[in-house]
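As C-alpha cells, the structure follows; a few thoughts come after it.
Since the model is a prediction, treat every value here as computed from it, not as a measurement.
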Amino acid sequence: MSLFASTEVRPRPSKAATSSDMTARVIPAGSVPPIAAKTADAFDWAGPNMPELRRRLPRLATSSFLVAGDIAGYLIAYFVLVSLLPGGLEGSLVERTFAIAALAAIILYASAGLYPGYRLHDHEHLRRRTLAAVKVAVLAAFGAIILPEGERLLLATIGFLALGLIVQPFVHWLARGLCRKLGVWGERAVVIGAGNLAPALVAHFKDHWQYGIRPEPFFADTLEALPDGGSSIAVVAGDPGSPIPDLAVMRRKFAEVVLLSDTPNLKVSGLRPADVGGEIGIRLATCEKSANSDLVRRILDLAIAVPAMIVVAPFIAFAAAAIYAIDPGPVFFRHTREGRSGKPVHVLKLRTMYQNAEQRLEALFRDNPAMRAEWLSHFKLKEDPRVLPVIGHMLRSSSIDELPQLVNIIAGEMAIVGPRPFPEYHLLAMNSEFRAKRRSVTPGLTGLWQISERSNADIELQQQLDEFYIDNRSLWFDCQILFSTIPALFKRRGAY
C-alpha cells in the first residue's frame with residue numbers, strides 16, 4: 001500500500017467544486033475528479049455473472065505468467081551451476097533434488113501471496129521469497145541426514161536456491177511487464193480521498209503500476225450510485241478525523257476495501273501498516289526499538305564496510321590524485337553533521353568543490369536571485385559554480401565522493417542504510433519534531449530518498465521520505481534499499 005514517486009495530476013472540472021461540507025458520511029463530490037474513462041481491458045466483458053470472473057481470470061493469467069517466470073529463473077540457476085561445476089552436478093538424483101526444491105519454493109511463494117503479489121512493498125516481496133528459500137533449505141538439510149550423498153546435495157541445493165533468489169527478481173520484472181502489455185496486470189480500484197488526495201494517489205498508482213492498482217477517482221453523490229460490476233477494490237485515504245463513506249455499503253459494493261496508511265512521499269493518515277494476525281486492524285505505532293536488531297545491523301555494517309573499503313581504496317586514491325591536480329590542497333573534506341542522539345558526526349568526503357566554495361556561493365546569490373531560490377528549496381544547485389570541473393561532477397553524480405564515509409561506518413558513527421546526515425543549515429529548514437525523530441536512528445550512507453528522488457527531492461519530500469523510512473524501518477527494508485542503491489547510481493537520475 002505504498003507508492004514511491006510523486007507526480008502532479010490536473011483534476012478534471014467537478015460539478016460540485018464549491019462544496020465544503022465535510023460533516024456528511026460520504027466525502028463531498030467536489031473533493032475529487034470524476035471517474036476516469038474506462039481503459040482497454042482484456043477481460044472487460046458484460047453480463048450478470050461476470051464481475052467475479054473479471055477479477056479472477058486476470059489474476060489467474062497473471063499468476064500463471066509469474067509462476068512461469070519463477071520456473072525460468074530456477075532453470076537459469078540450474079544451467080549456471082552446471083556450467084560452473086560441470087563435473088559436480090551430473091546425475092538424475094541432483095536434477096530430481098533441484099526440481100523438488102524448486103517446486104517446494106514455488107508452492108511456498110504461492111502460500112505467501114506472491115502470485116500475483118499485488119499491493120506489497122518491494123522489501124516485503126524480498127522477505128517472503130527469502131523466507132521461502134530458507135524453509136526449503138532447512139528441509140534439504142533434514143534430507144541430507146537421510147540420503148547417502150546428502151552433504152553434496154545440501155550444498156548444491158543451497159547454491160541453487162540462492163542463485164534463484166538473485167535471478168528471479170529480474171525475471172519477475174519481465175513477467176509483470178508482459179502482463180501489463182497484455183492488459184491483465186492489476187485490478188481496477190476506486191480511489192476515495194478527502195481534499196486533493198485522490199488525484200495525487202491516482203497519479204501515484206498510475207506511475208507505480210507494479211502495485212497492481214488501476215485507479216479510478218471516485219465521483220458520485222453516494223456509494224449506492226456506483227454501478228455494479230465496476231471496480232472490485234476501494235482504496236480509501238483521508239486526513240485524521242475526516243469522514244469516510246459508509247463501510248457497510250462499501251463491503252457490499254467492493255470485494256476488497258483498503259484503508260491506506262502513509263506513503264513514502266504523500267501524507268495520508270499518519271497510520272502505518274500492521275500485520276493483522278488476530279489484531280482488529282491498522283494500529284497507531286512508533287518504530288520499535290530492539291537491541292537485537294541494532295546488533296544485527298552493526299554486524300552487517302561491518303561485514304559490508306570492511307571488505308568494501310579494501311575494494312574501493314584504489315578508486316579513492318585515484319580520485320584524490322585527480323582532485324589535487326585540478327585544485328591543489330586537501331583532497332578530503334570533513335563536515336560536522338548531527339548523528340544519533342544528537343552526537344556530532346564528522347562526515348568524511350572527497351572534496352568536489354573549490355577551496356573558496358563559500359565565497360563563490362555568496363557571490364552567486366548576490367547576482368542571481370533565482371539560484372538563491374533553488375538553493376533554499378533543495379540546498380543544492382544543478383549548475384553549481386563551486387564544483388570542480390570534470391572530476392567534481394563525475395564524483396558527485398556517481399556518489400564516489402561519499403565512499404570515504406565507509407570509515408565513519410567502521411567507526412560506528414554511521415550505518416550503511418539510514419537517513420542521510422544533513423548539515424545544520426539543512427536541518428534548520430525542518431521542524432523540531434522531525435529533527436528529534438531523525439536523532440532516534442543512526443544516519444546512513446544510503447537511504448530511501450537517495451534511491452527514489454536523490455537531489456530532485458525538495459525539503460518537504462525529503463522529510464516525508466525520511467519519516468516513512470524511520471516509521472517502517474526493518475532489516476528487510478534496509479536490504480531492499482541497499483539492493484536498489486546500485487541501479488539508482490547507474491541511472492544517475494537527480495544526481496548533481
Side-chain angles (χ1 to χ4, degrees), residues 304-305 307-337 345-410 414 416 420-423 425-426 443-447 449-459 461-462 481-482 484-496:
I304 295 172
M309 191 67 215
I310 297 172
V311 172
V312 304
F315 297 96
I316 294 175
F318 177 80
I323 293 168
Y324 190 85
I326 294 174
D327 186 33
V331 295
F332 292 103
F333 173 73
R334 277 185 176 273
H335 199 275
T336 303
R337 308 285 176 90
V345 176
H346 303 289
V347 174
L348 186 64
K349 298 179 68 174
L350 283 165
R351 181 168 62 87
T352 59
M353 295 184 179
Y354 288 101
Q355 295 184 72
N356 63 342
E358 295 305 317
Q359 293 85 347
R360 288 172 177 258
L361 186 65
E362 291 173 3
L364 177 68
F365 287 166
R366 284 196 302 267
D367 301 334
N368 196 326
M371 286 287 197
R372 181 180 181 84
E374 181 184 347
W375 173 263
L376 292 175
S377 175
H378 294 76
F379 288 108
K380 285 194 175 185
L381 299 173
K382 289 186 177 180
E383 302 295 334
D384 197 330
R386 301 173 298 166
V387 178
L388 296 173
V390 185
I391 186 65
H393 290 287
M394 185 190 74
L395 293 177
R396 290 165 71 90
S397 64
S398 62
S399 294
I400 292 176
D401 62 320
E402 311 282 357
L403 290 180
Q405 289 164 39
L406 290 168
V407 174
N408 296 110
I409 295 171
I410 295 171
M414 291 177 59
I416 294 291
R420 285 292 295 159
F422 286 149
Y425 63 81
H426 200 149
L445 180 63
T446 184
W449 75 267
Q450 280 74 29
I451 66 170
S452 54
E453 299 293 334
R454 298 191 78 177
S455 298
N456 286 334
D458 58 16
I459 295 296
L461 182 52
Q462 289 172 8
I481 291 172
L482 187 59
S484 302
T485 296
I486 295 177
L489 292 176
F490 279 112
K491 290 178 182 177
R492 298 192 179 185
R493 183 173 63 91
Y496 49 86

**Prompt:** Heavy-atom distance under 4.5 Å between the side chains of Thr485 and Ile451, does that happen here?
**Reply:** yes
**Asked** Any sub-3.5 Å donor-acceptor pair from Gln355's side-chain atoms to Pro328's backbone N or O?
**Response** yes
**Message:** Could you report the tightest heavy-atom contact between Ile316 and Pro404, atom names first, then the distance?
**Reply:** CD1-N, 4.1 Å
**Asked** Between atom OG1 of Thr352 and atom CE of Met394, what is the distance when rounded to the nearest 0.5 Å?
**Response** 11.0 Å
**Message:** Can you pull out every salt bridge (charged side-chain N to carboxylate O under 4.0 Å, His left out) where at least one residue sits in residues 321-336? Sequence neighbours excluded, please.
**Reply:** Asp327-Arg351
**Message:** I need the Leu348 CG to Ile409 CD1 distance, nearest 0.5 Å.
**Reply:** 11.5 Å
**Pairwise side-chain contact, Pro421 with Met414, heavy-atom cut-off 4.5 Å (strictly under)** = yes
**Message:** Treating Arg420 as the side-chain partner and Gly444 as the backbone partner, does any N or O pair qualify as donor plus acceptor under 3.5 Å?
**Reply:** yes
**Prompt:** So, for Leu445 and Glu402, which heavy atoms are closest and what is the spacing to 0.1 Å?
**Reply:** CD1-O, 3.5 Å
**side-chain hydrogen bond (donor to acceptor under 3.5 Å, both in side chains): pairs with one or both residues in residues 307-319, sequence neighbours excluded** = none
**Partner set under ring-ring contact (aromatic ring centres under 6.0 Å, His included) for Phe333, not counting sequence neighbours** = His335
**Message:** Going by the rule side chain to side chain donor-acceptor pair (under 3.5 Å), which residues pair with Asn408 if we only count those two or more places apart in sequence or in a different chain?
**Reply:** Glu413
**Message:** Between Leu395 and Ile400, does the side-chain contact (heavy atoms from CB on, under 4.5 Å) criterion hold? Intermediate values first, please.
**Reply:** CA-CA 5 Å; Leu395 293 177; Ile400 292 176; 3.7 Å; yes
**Request:** Please name the pair of heavy atoms, one in Leu350 and one in Ala319, separated by the smallest distance, quoted to 0.1 Å.
**Result:** CD1-CB, 3.8 Å
**Asked** Is Asp401 paired with Arg396 through a side-chain N to carboxylate O contact shorter than 4.0 Å?
**Response** no
**Request:** Identify, with sequence neighbours excluded, every residue that meets side chain to side chain contact (heavy atoms under 4.5 Å, CB included) alongside Ala321.
**Result:** none
**Message:** With rounding to the nearest 0.5 angstrom, report the CD1 to OH distance, Ile391 to Tyr324.
**Reply:** 16.0 Å
**Asked** Of all residues at least two apart in sequence or in a different chain, which pass the side chain to side chain contact (heavy atoms under 4.5 Å, CB included) check with Leu482?
**Response** Ile304, Ile416, Val417
**Fill in**
Ile410 and Ala305 have their tightest heavy-atom pair at CG1-CB, 3.9 Å
**Prompt:** Side chains of Arg337 and Pro423: closer than 4.5 Å at any heavy-atom pair?
**Reply:** yes
